[in-house]
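Taking it in order: structure first as structure tokens, then the write-up.
Numbers here are sequence positions counted from 1.
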Amino acid sequence: MNLEDVSKHIKPGALPPVEKWNPPFCGDMPIEIKRDGTWIYQGTPFTRERLVRLFSTIIWREQDEYFLVTPVEKVRIKVEDAPFVAICVEKVKSEQTQLKFTDNVGNTIIASKDHPIWVNHSEQGEPSPYILVRRNLPALIHRNVFYQLVEWAKPQGKNLVIESNGEAFNLGAFEE
């Protein structure tokens, strides 16, 4: 994977059109994204943040598999949970309240119909909240950020609901 070639296809401030690229599959690469957002290569954490940011722009998901895609090759990587982690949220006031998330690689996402929030629950009932970053790539919402959402949410029946951009998102049931 030649990083110079990848960089040539990325305009400043824009994401590369990975959905338009159809390179041949070249095998597995020993890269893993841990649940906490740490990128690991052959067991060692990445230390170059710029490299992580670059790679994060060329992630592609097919079913439950993740790939790094360039115009000339496609390699499979492991993702423990989600490729991104939403690490902060703020309320932005406009005509409607908007929830603006920032993830671990600098993406900003406003929760909306196109960027929904949802919560999965483990067999033990533990919540795992997510927001859609782009295409079909989710960000796990960090626990502290989720607590902030819960604090802002309003009861609706037996559920806590939070609104952003005119959309309501169910954060789950609550106990009185």
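- Among residues two or more places apart in sequence or in another chain, the salt bridge (Lys or Arg N to Asp or Glu O under 4.0 Å) test is passed with Glu167 by none.
- Considering all non-hydrogen atoms of both residues, Leu51 and Phe46 come closest at CD2-CE2, 3.6 Å.
- Remark: Ile77 CD1 to Ile40 CD1 distance equals 12.0 Å, nearest 0.5 Å.
- In terms of heavy-atom proximity, Ala82 sits nearest to Pro138 at CB-O, 3.5 Å.
- Considering only residues two or more places apart in sequence or on other chains, Asp28 meets the salt bridge (Lys or Arg N to Asp or Glu O under 4.0 Å) condition with Arg76.
- The neighbour count for Gln156 CD, taken as heavy atoms of other residues, nucleotides or ligands under 6.0 Å away, does not exceed 12.
- Sequence neighbours left out, the pairs with a member in residues 34-44 that pass salt bridge (charged side-chain N to carboxylate O under 4.0 Å, His left out) are Glu32-Lys34, Lys34-Glu80, Arg35-Asp81.
- Sorted by first and then second residue, the salt bridge (charged side-chain N to carboxylate O under 4.0 Å, His left out) pairs with a member in residues 103-120 form an empty list; sequence neighbours excluded.
- Residues Ile110 and His115 fail the side-chain proximity criterion, which asks for heavy atoms closer than 4.5 Å.
- There is a path of hydrophobic side-chain contacts, each under 4.5 Å, that joins Val105 to Tyr41.
- Under the rule for a side chain to side chain contact (heavy atoms under 4.5 Å, CB included), the partners of Val85 that lie at least two apart in sequence or sit in another chain are Ile87, Asn104, His142.
- Between the His121 side chain and the Pro127 main chain, no donor and acceptor come within less than 3.5 Å of each other.
- Screening residues 130-144 for salt bridge (charged side-chain N to carboxylate O under 4.0 Å, His left out) gives Glu19-Arg135 as the qualifying pairs, with residues at least two apart or on separate chains.
- Separating the OH atom in Tyr66 from the CG atom in Leu137 is a distance of 6.5 Å, to the nearest 0.5 Å.
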Practice task
Walk me through it: do Lys74 and Glu62 pass the test side-chain contact (heavy atoms from CB on, under 4.5 Å)?
Solution key: CA-CA 12 Å; Lys74 173 179 168 181; Glu62 294 176 10; 2.6 Å; yes

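- Partners of Glu90 under the salt bridge (Lys or Arg N to Asp or Glu O under 4.0 Å) rule, at least two apart in sequence or in another chain, do not exist in this structure.
- Note that the CD1 atom of Ile117 and the CD1 atom of Ile131 stand 5.0 Å from one another [nearest 0.5 Å].
- Under the 4.5 Å side-chain heavy-atom criterion for ILVMFWY residues, a single connected hydrophobic cluster contains both Trp60 and Val75.
- With hydrogens and angles ignored, the 3.5 Å screen pairs a side-chain donor or acceptor of Gln96 with a backbone N or O of Gly166.
- Closest approach of Ala111 to Asn165, counting heavy atoms only: O-CB, 3.5 Å.
- Residues satisfying the salt bridge (Lys or Arg N to Asp or Glu O under 4.0 Å) test with Lys91, not counting sequence neighbours, are none.
- The cluster map of Ile, Leu, Val, Met, Phe, Trp and Tyr, joined by side-chain heavy atoms under 4.5 Å apart, puts Trp21 and Phe25 in the same cluster.
- Minimum heavy-atom separation, Ala139 to Ala86: CB-N, 3.9 Å.
- Here the CD1-OG distance, from Ile109 to Ser164, works out to 11.5 Å after rounding to the nearest 0.5 Å.
- In terms of the side chain to side chain contact (heavy atoms under 4.5 Å, CB included) criterion, residue partners of Ala173 (sequence neighbours excluded) are, by chain and number, Asn159.
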Exercise for the section: Go through the steps for Phe55 and Ile31 under the test side-chain contact (heavy atoms from CB on, under 4.5 Å), then give the verdict. Expected result: CA-CA 11 Å; Phe55 281 173; Ile31 292 177; 4.0 Å; yes

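- Under the side-chain hydrogen bond (donor to acceptor under 3.5 Å, both in side chains) criterion, Trp39 pairs with no residue, sequence neighbours left out.
- Of all the heavy atoms in Ala153 and Ile162, the pair that sits closest is N-CD1, 4.2 Å.
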Exercise for the section: Dump the intermediate steps for side-chain contact (heavy atoms from CB on, under 4.5 Å) on Ile33 and Ile59, then the final yes or no. Expected result: CA-CA 11 Å; Ile33 304 173; Ile59 294 176; 4.0 Å; yes

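- Expressed to the nearest 0.5 Å, how far CG of Leu132 lies from OG of Ser112 amounts to 9.0 Å.
- No continuous path of hydrophobic side-chain contacts links Phe169 to Leu140 [ILVMFWY only; heavy atoms under 4.5 Å].
- For the pair Thr70 and Pro23, the tightest heavy-atom approach, listed with the atom from each and the gap, is O-CG, 3.1 Å.
- Tracing side-chain contacts under 4.5 Å through hydrophobic residues (I, L, V, M, F, W, Y), one never reaches Trp118 starting from Phe101; they form parts of separate clusters.
- Counting heavy atoms of neighbouring residues, nucleotides and ligands inside a 6.0 Å radius, atom CG of Asn144 exceeds 12 of them.
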Exercise for the section: For Asn170 and Val119, run side-chain contact (heavy atoms from CB on, under 4.5 Å): C-alpha distance rounded to whole Å, both residues' side-chain angles, the deciding distance at 0.1 Å, then the answer. Expected result: CA-CA 8 Å; Asn170 185 350; Val119 180; over 6 Å; no

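- Looking at heavy atoms from C-beta onward, Phe146 lies in side-chain contact with Leu171 at the 4.5 angstrom threshold.
- Atom OH in Tyr130 sits 10.0 Å away from atom CD1 in Ile141 (nearest 0.5 Å).
- Every residue meeting the side chain to side chain contact (heavy atoms under 4.5 Å, CB included) condition with Gln42, not counting sequence neighbours, appears here in chain and number order: Pro30.
- Evaluation of the side-chain hydrogen bond (donor to acceptor under 3.5 Å, both in side chains) rule for Glu49 yields Arg53 as partners, not counting sequence neighbours.
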